[in-house]
Amino acid sequence: MFGQANVLAQGEAAFPPSVEDFYLPSILPWGAHDSYWFTKITAMVWIAVGILIIFFLASYRKPQLVPTKKQWFAESIYGFVRNNIAVDMIGHAGVRFAPYFTTLFCFILLTNFFAILPFFQISPNSHIAFPAFLAVTSYVLFIYAGIKHHGAVKFIKNSLIPPAPWYILPLLIPIEFFSTFLVRPFSLAVRLFANMFAGHMLLLVFTLGGFAMLSSNAWLAPVSVLSWVMTIALTFLEFLVIVLQAYVFTVLTASYVQGAIAEEH
Amino acid sequence: MAGDQTPQPSGGSDDVPSGAGQGWTALGYLITGMVFWGFIGWLVDQWLDSGGIATGIGVVLGMAGGIILVVRRLGTPT
Amino acid sequence: MDIVAAVSGSTAAIGYGLAAIGPGIGVGLVFAAYIQSTARQPESSRMTLPYVWIGFAVIEALALLGIAFGFIWAGTA
């Protein structure tokens, strides 16, 4: 039972896990407290960016008519995002946005996947900063696309003034403004963040709960096995959430772009 | 069966927003309407000291607005 | 008569729990009907989807009103 001693000896990782567990110790300078400039999280984001760039460059280095395995994989990811998200949601105009959607999808999928990858074990997206910045990127993109397609005045008019009689417009315009320009980026960011945060928290609760029960008394000790079995089951659930959230983020971005460049209906 | 093609989703390209986006839009309209006008009602409450009545009215009005928006934006058969 | 059992905490939460039953069933029925009609006649999915959203909005409104009223009048009784 050295694992138990290991975990419980650290003190901070005692049973009820808290938000503190999301702030990993600093790497550079090594082990410094209250220094969050370069932690495991930062390292993971850089690793994710590096993996994506290298993978896509390498798989497209020598494109062949009969694709190699790597090229096939890269092409099927791109093809999936282009056909099943961009073209499905936006139509032919969506092909222009497919590269951004693919980048977004791959980046979110990979950084989310770090949550259940051994030795990484936490997703950068469980810190609000990363989902927030991704959401801001998508926000700027759909407003830019709308303004470029319609012109500023028509875009604002399209997205703020619903087809309704004039006397209920004062009731509706603030709602439209809020839901289009304030709630959208917020909900994009929070949905991804909350899912990854809750997922990591859930795994922590069941893993540490097992250790806590093991060390509490002889009667509860066997139950800890159940707790760890739950951890394994929840890891599979977590995998489902990871893929789903990456997909949902991309689909919603596509749907916002579609709404921005759609003709008035 | 050989001659039994699965029917293609008609059109397939230009004007189809997918279900997920529409669902979030609908829910977003309802919640935003409720929260925004509920907040206005709450401000009125603080001003007139009317014990939650104005907030209630604001929430109901905002919800009505949200429903109108969903009907107008999503509920018009194309 | 003595009090045998008492509830402490927010009774509004219990109220919202009760209020959520109806809309829960309602939203379930709406989407069940939509899925069934789409399975029987896939071409009709485009035609019925707007009505799904209207029904969904009206029903979901009840659940959201329930949660809002739970908060507004939580402390008054």
Side-chain angles (χ1 to χ4, degrees), chain A residues 82-95 138 142 158-188 190-191 244-245 247-265, chain B residues 5-48 53-78:
Chain A
R82 193 188 65 183
N83 297 335
N84 291 21
I85 298 179
V87 172
D88 253 21
M89 306 274 307
I90 308 178
H92 297 302
V95 179
S138 292
F142 89 77
N158 259 3
S159 50
L160 282 190
I161 302 179
W166 62 269
Y167 48 85
I168 39 176
L169 281 184
L171 187 73
L172 301 185
I173 288 175
I175 303 179
E176 279 278 24
F177 176 75
F178 260 65
S179 70
T180 309
F181 292 108
L182 298 179
V183 173
R184 273 179 179 185
F186 183 75
S187 70
L188 266 185
V190 168
R191 185 178 304 115
L244 193 71
Q245 286 310 315
Y247 180 72
V248 162
F249 198 101
T250 319
V251 161
L252 283 178
T253 306
S255 129
Y256 296 159
V257 171
Q258 190 268 338
I261 66 176
E263 297 305 321
E264 202 171 349
H265 41 256
Chain B
Q5 299 269 321
T6 41
Q8 293 291 319
S10 50
S13 59
D14 274 333
D15 54 340
V16 212
S18 94
Q22 280 189 310
W24 287 115
T25 314
L27 203 57
Y29 276 142
L30 293 178
I31 294 178
T32 331
M34 192 181 79
V35 169
F36 179 78
W37 287 103
F39 177 67
I40 301 278
W42 181 80
L43 288 181
V44 173
D45 247 354
Q46 299 296 303
W47 175 40
L48 295 177
I53 301 295
T55 318
I57 293 174
V59 164
V60 171
L61 269 186
M63 190 58 88
I67 293 176
I68 293 175
L69 274 177
V70 172
V71 170
R72 285 299 160 114
R73 291 273 194 200
L74 301 174
T76 323
T78 44

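All values below come from the heavy atoms of this structure, side chains included, with hydrogens, waters and symmetry mates left out. First the proteins, then the strands, lettered A, B, ... as listed; each starts at 1.
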Under 4.5 Å from any heavy atom of chain B, what part of A:L172 do you find: side chain, backbone, both or neither? both
Could you pull out the closest heavy-atom pair between B:W37 and A:P174, with the gap in Å? CZ2-CG, 3.8 Å
How close do B:R73 and A:S159 get, heavy atom to heavy atom, and via which atoms? NH2-O, 3.8 Å
Any side-chain heavy atom of A:S179 within less than 4.5 Å of one from B:F36? no
Taking non-hydrogen atoms and a cut-off under 4.5 angstrom, which of residues 62-71 of chain B neighbour chain A? B:G62, B:G65, B:G66, B:I68, B:L69
Among residues 41-48 of chain B, which residues come closer than 4.5 Å to chain A, judged by heavy atom distances? none
Top contributor to chain B contacts, counting heavy-atom pairs under 4.5 Å, from A:A254, A:G94, A:P162, A:S255: A:P162
Roughly how far, to the nearest 0.5 Å, is the CD1 atom of B:I31 from the CD1 atom of A:I175? 12.5 Å
Would you say CZ of A:F186 has more than 12 non-hydrogen atoms from neighbouring residues, nucleotides or ligands within 6.0 angstrom? no
